[in-house]
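Residue numbers start from 1 in every chain, and the chains themselves are labelled A, B, ... in the order their sequence lines are given, proteins ahead of strands.
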Protein chains: 2
Amino acid sequence: MKRDSRLSSVLHALLHMAEQDGPVTSEALGRCLGTNPVVVRRTMGLLREAGLVTAERGHAGGWRISADLAAVSLRRLHEALGEPAIFAIGNRNETPECLVEQSVNAALEGAFAEAEALLLERFAEVTLADLAEDFARRHAQRRAAKE
Amino acid sequence: MKRDSRLSSVLHALLHMAEQDGPVTSEALGRCLGTNPVVVRRTMGLLREAGLVTAERGHAGGWRISADLAAVSLRRLHEALGEPAIFAIGNRNETPECLVEQSVNAALEGAFAEAEALLLERFAEVTLADLAEDFARRHAQRRAAKE
DNA sequence: CGAATCGTAACATATATAGTTACATGAAAC
DNA sequence: GTTTCATGTAACTATATATGTTACGATTCG
């Protein structure tokens, strides 16, 4: 199974957009991400539906962030993407008759539920503003290292 | 991406085997799991390589647990299966040049690492003996409910 | 009008699990 | 020793999902 990298993608895109004044085109974002403009539109479209970005068509159009960076957490983005499945591992049968399988499912589900809760909690704690700040720090470090 | 349900499968199979005295054939396990005997052999073969089960060929052959139920944790089974990827979500690019992407990756990786650690910890705490006990409890409850 | 840009449908590709078919190998029963 | 039952394994197919690509319509600005 291929991993879903859309959360990673939109974060990358949003931070690049945050660095720009005007709107950024799908083509420019596609170049940053190493992918196709259509893939960018498809994924950013979900953020548009969630009210996190706006798209302007026509000449000098493109994508623009329409929310406060500090108000957009990774969790909010995960939700905007439709809350895709987090785990690549799961139960064989979600509603088994077999009592043995019920025991197995109960044990696995408990562990997965705890891990998922922790992950979503961490996601809720990190905002685009935090990432932008982290990026600025890395940027300053690189400049310092060059001198 | 399809979810990997092999951990769930082998747990189901092992508990059925624990209920039986003699060896259990791939075909019988396949019937329990609702799958093909070859799939059973393929997956159980990994447990055999890890020394958790033995297979006997020929007449009256089949699979047998060769370890103490209390000594086999879900984590041990996860390892025996080759430690398959836990998350269906991941970074777009694991070793990016782009500083923006490095910030994104660092944030996501931290959260994933914590969630994975918690999951594996929970897996380490649950053994086949625990699941067998849970099953016995469910079994007793069902019998009680019927009377 | 024409160029730039998003919106979207339709199709192609890649990858991993799961399922299936086929046959070789080994062990017990008779 | 031959038959039968079972695992071991290779090769192929089916399925699901994310991602990539092509094509074209819709919209906006100059």
Query - B/Ser5 side chain near C/dT17 phosphate (N/O to OP1/OP2, under 4.0 Å) - result: no

Report summary line: B/Arg41 has its side chain closest, among D/dT21, D/dT9, C/dT20, to D/dT9

Query raised in the report: Starting at CG of B/Asn36 and ending at P of D/dA14, how long is that distance when rounded to a whole Å?
Result: 15 Å

Query raised in the report: Under 4.0 Å between a Lys/Arg side-chain N and an Asp/Glu carboxylate O for A/Arg92 and A/Glu101?
Result: no

Report summary line: side chain to side chain contact (heavy atoms under 4.5 Å, CB included) test vs B/Leu14 passes for just one of B/Ile65, B/Val24, B/Leu69, namely B/Ile65

Query raised in the report: Which whole-number value in Å describes the distance from B/Leu46 CG to C/dT17 C1'?
Result: 13 Å

Query raised in the report: Should the heavy atoms of other residues, nucleotides or ligands under 6.0 Å from CD of A/Glu19 be counted, would the total exceed 12?
Result: yes

Query raised in the report: At under 4.0 Å between heavy atoms, what does A/Glu56 touch on the DNA or RNA strands: base, sugar-phosphate, or nothing?
Result: sugar-phosphate

Query - A/Leu29 CG - D/dT19 P separation (whole Å) - result: 16 Å

Query raised in the report: Does OP1 or OP2 of C/dT5 have a side-chain N or O of A/Ser26 closer than 4.0 Å?
Result: no

Report summary line: Of the listed D/dT9, D/dT21, C/dT17, the closest approach to the B/Asp4 side chain comes from C/dT17

**Report entry** Whole-Å gap separating P (C/dT5) and CZ (A/Arg64)
**Finding:** 13 Å

**Report entry** Whole-Å gap separating P (D/dA18) and CG (A/Leu81)
**Finding:** 11 Å

Query raised in the report: Salt bridge check: are B/Glu79 and B/Arg75 linked by an N-O gap of less than 4.0 Å?
Result: yes

Report summary line: To the nearest angstrom, the CZ-C1' distance between A/Phe87 and D/dA16 comes to 20 Å

Report summary line: The answer to which of B/Val38 and A/Val39 contacts DNA chain D further toward the 5' end, by nearest nucleotide, is B/Val38

Report task. Starting from C1' on D/dA18, measure out to CZ on B/Arg92 and report it in whole angstrom. Result -> 10 Å

Report summary line: Between CZ of A/Arg48 and P of D/dT27 the distance, given in whole Å, is 13 Å

Query raised in the report: Among C/dG19, D/dT21, D/dT7, which is the nearest nucleotide to the side chain of B/Thr35?
Result: C/dG19

Query raised in the report: At under 4.0 Å between heavy atoms, what does A/Arg42 touch on the DNA or RNA strands: base, sugar-phosphate, or nothing?
Result: base

Requested in this report: Please state whether the rings of A/Phe112 and B/Phe123 are parallel, tilted or perpendicular, taking 30° and 60° as the class boundaries.
Outcome: perpendicular

Query raised in the report: Quick one: the side chain of A/Arg57 and the base of D/dT27, do they pair up donor-acceptor inside 3.5 Å?
Result: no

Query raised in the report: At under 4.0 Å between heavy atoms, what does A/Gly62 touch on the DNA or RNA strands: base, sugar-phosphate, or nothing?
Result: sugar-phosphate

Report summary line: Testing C/dT17, C/dA9, D/dA6 for proximity to the side chain of B/Arg6, the answer is C/dT17

